[in-house]
Asker: 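Sharing a structure below in structure tokens format, with a few things to ask.
Positions are given from 1, in the same order as the sequence printed here. Quick caveat, the model's predicted, so the values are computed rather than measured. These values consider heavy atoms only, across backbone and side chains, with no hydrogens, waters or symmetry-generated copies.
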Amino acid sequence: MTGSLGGHVSNTRTHAEFLDEAIQALRGTWDAERALTALFGAGYRPADVATGKKRARQVLRDLADAGAIVKVNERPVEYRRADS
């Protein structure tokens with residue numbers, strides 16, 4: 001199956017939903033590498049690492065735009081839960 005945002009996932013939830021759940025559960029700061037690891041655990045299989053990190057960064061930006069997470073560092077870019 002594929003999620004609505006692309007890539008193979010174990011059910012029909014989106015990458016953003018998987019990542020939001022992981023961030024809420026695991027807390028801490030999140031960068032593209034940590035986000036990609038969580039997405040990989042959810043079944044996302046990018047063509048290569050660069051593509052995967054690009055997708056992870058986009059999902060993080062989407063979650064920040066939705067108010068679920070906030071950027072806490074500009075370089076390197078890191079996010080945390082909005083309610084932390």
Asker: Go through the steps to decide whether I23 and L63 satisfy the test side chain to side chain contact (heavy atoms under 4.5 Å, CB included), and finish with yes or no.
Answerer: CA-CA 10 Å; I23 291 169; L63 288 172; 4.1 Å; yes
Asker: With a 3.5 Å distance limit and no angle check, can you tell me whether R80 reaches the backbone of I69 through a side-chain donor-acceptor pair?
Answerer: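 Not a single qualifying donor-acceptor pair exists.
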Asker: If you round to the nearest 0.5 Å, how far is OH of Y79 from CZ of R61?
Answerer: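 Interatomic distance, R61 CZ to Y79 OH, rounded to 0.5 Å: 6.5 Å.
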Asker: V72: which other cluster members, linking ILVMFWY side chains closer than 4.5 Å, directly or transitively?
Answerer: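 Once heavy-atom contacts under 4.5 Å are chained together, V72 belongs with V70.
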Asker: NE2 of H15 to CG of L36: how many Å apart, nearest 0.5 Å?
Answerer: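 Answer for the NE2-CG pair, H15 versus L36, is 10.0 Å.
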Asker: Quick check with a 6.0 Å cut-off and a 45 degree axis cone: is R55 positioned over the face of Y44's six-membered ring?
Answerer: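 Cation-pi check for R55 and Y44: fails.
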Asker: May I have the step-by-step check of side chain to side chain contact (heavy atoms under 4.5 Å, CB included) for E78 and K71, ending in yes or no?
Answerer: CA-CA 6 Å; E78 293 178 316; K71 189 184 287 188; over 6 Å; no
Asker: Just jot down the side chain to side chain donor-acceptor pair (under 3.5 Å) partners of E21, sequence neighbours excluded, or say none.
Answerer: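 By the side chain to side chain donor-acceptor pair (under 3.5 Å) rule, E21 matches R13.
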Asker: For the residue pair V59 and A16, what are the closest heavy atoms and their distance?
Answerer: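 Result for this residue pair: CG1-CA, 3.6 Å.
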Asker: Using side chain to side chain donor-acceptor pair (under 3.5 Å) as the criterion, list what pairs up with R27, not counting sequence neighbours.
Answerer: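 Listed in chain order: nothing, the list is empty.
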Asker: Looking only at heavy atoms, which two atoms of A38 and A22 are closest? And how far apart?
Answerer: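 In terms of heavy atoms, the two residues are closest at CB-CB, 4.1 Å.
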Asker: Checking R34 now: which residues fulfil salt bridge (Lys or Arg N to Asp or Glu O under 4.0 Å) with it, not counting sequence neighbours?
Answerer: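 Scan of R34 (salt bridge (Lys or Arg N to Asp or Glu O under 4.0 Å), adjacent residues dropped) gives none.
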Asker: Who are the salt bridge (Lys or Arg N to Asp or Glu O under 4.0 Å) partners of K54, not counting sequence neighbours?
Answerer: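 Expected list: none.
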Asker: Would you say CD of Q24 has more than 12 non-hydrogen atoms from neighbouring residues, nucleotides or ligands within 6.0 angstrom?
Answerer: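 Above 12, so yes.
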Asker: For residues L19 and L60, determine if any side-chain heavy atom of one lies less than 4.5 Å from a side-chain heavy atom of the other.
Answerer: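 Counting from C-beta outward, L19 and L60 do come under 4.5 Å.
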Asker: Could you work out, with salt bridge (Lys or Arg N to Asp or Glu O under 4.0 Å) as the rule, every residue matching D48, not counting sequence neighbours?
Answerer: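 Once residues adjacent in sequence are excluded, D48 has no partner under the salt bridge (Lys or Arg N to Asp or Glu O under 4.0 Å) criterion.
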